[in-house]
Amino acid sequence: MINEFPRVRFAPSPTGYLHVGGLRTALYNYLFAKKNKGIFILRIEDTDRNRFVEGAVDNLIDTLNWAGLMADEGPKSGGEYGPYIQSKRLDIYQKYANELLGKGHAYRCFCTSERLGNLREEQKKLKLPQAKYDKHCLNLSKDEINKYLENKIPFTIRLNVKPGNKIIIDDIIRGRVEFDPSTVDDQVLIKSDGYPTYHLANVVDDHLMKITHVIRGEEWLSSTPKHVLLYNYFEWEIPAFAHLPLLLNSDGSKLSKRQGDVAVEDYRTKGYLKEALINFVALLGWSAGDNQELYYLNELAEKFSLERVQKSGSIFNIDKLNWLNFEHLRKKTDAELVSMLKDEVSKSEYDAVDYSDEYLLKVIHAMIERVNFLSEFITKSFYFFIAPTEFEETSRLKNWKPETPNHLQRLCDNFENVLNNTKEEFEVSLAKTSEELGIGKGKLIHPLRLAVSGVSGGPGIYEILEIIGKEETVNRIKSAIEKLS
RNA sequence: GGCGCGUUCGUCUAGUGGUCAAGGACGCCGCCCUCUCAAGGCGGAGAUCACGGGUUCGACCCCCGUACGCGCUACCA
């Protein structure tokens, strides 16, 4: 009988990092669980010993937790259906493989990889519609099998696929999908090293862990008939399936390393907010149907449904991610921003100075509309942390005229009288200077900006002055007069 | 090759037979604002709904075919 509350799992293989496609699969599982008061399980599928990567599991969990996707059950969270790492469940798979062996739904295969390779090649040459294992070892006599066993000949255990009715999958996202059993290969279930393949392990674990909904990438759709057969042979209840569309490169191929960053860690180190990444990835393949674009994890969990997941793959479009990062950054509170910027500064080349919260907050208010990333508070407005040593050439050519040094000198003199360092005072003082000199304010503002910041863009000039202060302003102007004249 | 899945503006998408001569968002362009750069406001370009047949009074929406794309086709997941 269907459980009252769903149990879903994210089952990555620990290859060293979390793929953004994996993040989305994990997210959808998580959201589905939260929406339906279910349980979100993390299971590590590390049955390929050749692909073992030291520390990969810890890294995976760390990244998932960073994103806010805490597992209810898993290697770190525990749970009553553990262990949640497949390499620690070998005896379980063995037991079930033996059960299949006993029922005649599986058989030992002693074929060498060489014979398998030749077989494949031969079938290819004959242009056979399908390359499948030829069931050679199914016909071995008891004596032959015993002889092989005694001689310790390595073997695999294969699924014994029998002809029969169409295998029907009722996919939540794709609807009814049919497969003819004749197209299903006698898949290896237990490898010669004793480890199970994905197909056996995932079916056994999903059953034992009482998984109600299998939500995974579309690349698994083709092997689902094997899984269905397995459930049938075990006489187990089949979970609901939902095969998610793939995430793609800009050329439409499956999102891969070659064409940009695929590891969640990459985005994390580049300074993307977890809120932005989650928001972005949630919208790749799913929409609530309204026009909302900005979401937090908890809102997503309220609105999510598998029925509204798109069927076709979606291209990972970095522009929108950047925009979402900007939006989420702006939604942070002052306190959060200050603390984040503090971290950022301490990691930067300006870590020697201990900037006050008040100072950093001023920088934040001045720049928040102008940055997409936290790091840009430092790179785009470096002049709040250090005096400029270089001056933008185009602005210099446009704004630095022969008479400019004299004008700025006069401005400096007037600035000396500024008492409280407020932008209003600087504004009044500059207006006064322009009047005294009989020139437009622009004639002062632009070279002043260049002198003080080294660049032509940025916050309002008076705001910049207020932040760096009178003394520093005067020093910078003087220094610029020397350097640019 | 076989099997499976998919196809609405450049991109993410809304759309479940008439309200769609297709709506929103990112990006792009223009105008306004303005000391600059942003942000913001306003506006614009941008999709013969892959193509061809049906079904229907009527199709982006249903059916069939074709094309193209993608996935799987391992003792990898």
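Atoms considered below: every heavy atom in the structure, side chains included; atoms not considered: hydrogens, waters and symmetry mates. Chain identifiers are assigned alphabetically (A, B, ...) following the order of the sequence lines, protein sequences preceding nucleic acid strands; residue numbering begins at 1 within each chain.
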Query raised in the report: Within a reach of under 6.0 Å around NZ of Lys380(A), are more than 12 heavy atoms found that belong to other residues, nucleotides or ligands?
Result: yes
What does [X] touch in the nucleic acid at a heavy-atom separation under 4.0 angstrom: a base, only the sugar-phosphate, or nothing?
| X | value |
| --- | --- |
| Lys441(A) | nothing |
| Ser312(A) | sugar-phosphate |
| Pro14(A) | nothing |
| Pro459(A) | base |
| Ser314(A) | sugar-phosphate |
| Ser192(A) | base |
| Thr47(A) | sugar-phosphate |
| Gln292(A) | nothing |
| Phe326(A) | sugar-phosphate |
| Gly458(A) | base |

Could you identify the nucleotide paired to [N], looking across every strand shown and requiring Watson-Crick or G-U wobble geometry with both distances under 3.5 Å?
| N | answer |
| --- | --- |
| C57(B) | G18(B) |
| C75(B) | none |
| G30(B) | C42(B) |
| U48(B) | none |

Can you identify which nucleotide, out of [options], has its nearest atom closest to the [X] side chain?
| X | options | result |
| --- | --- | --- |
| Arg158(A) | A25(B), U13(B), C75(B) | C75(B) |
| Arg330(A) | A39(B), C75(B), U36(B) | A39(B) |
| Lys191(A) | C76(B), C35(B), A39(B) | C76(B) |

Determine the interatomic distance between [atom1] on [N] and the same-named atom on [M]; round to the nearest Å.
| N | M | atom1 | answer |
| --- | --- | --- | --- |
| C60(B) | U19(B) | C1' | 15 Å |
| G65(B) | A77(B) | P | 36 Å |
| G23(B) | U36(B) | C1' | 37 Å |
| U8(B) | A22(B) | C1' | 8 Å |
| G10(B) | A47(B) | C1' | 11 Å |
| U34(B) | G18(B) | C1' | 49 Å |
| C5(B) | U66(B) | P | 14 Å |
| C70(B) | C64(B) | P | 24 Å |

Report summary line: Assign each of Leu246(A) and Asn50(A) the nucleotide of RNA chain B bearing its closest heavy atom; nearer the 5' end lies the nucleotide of Leu246(A)
Query - Atom-to-atom span, CG of Asp319(A) to P of A25(B) - whole angstrom - result: 16 Å
**Report entry** Candidate list Lys162(A), Lys226(A), Lys135(A), test salt bridge (charged side-chain N to carboxylate O under 4.0 Å, His left out), partner Asp186(A), passing option
**Finding:** Lys135(A)
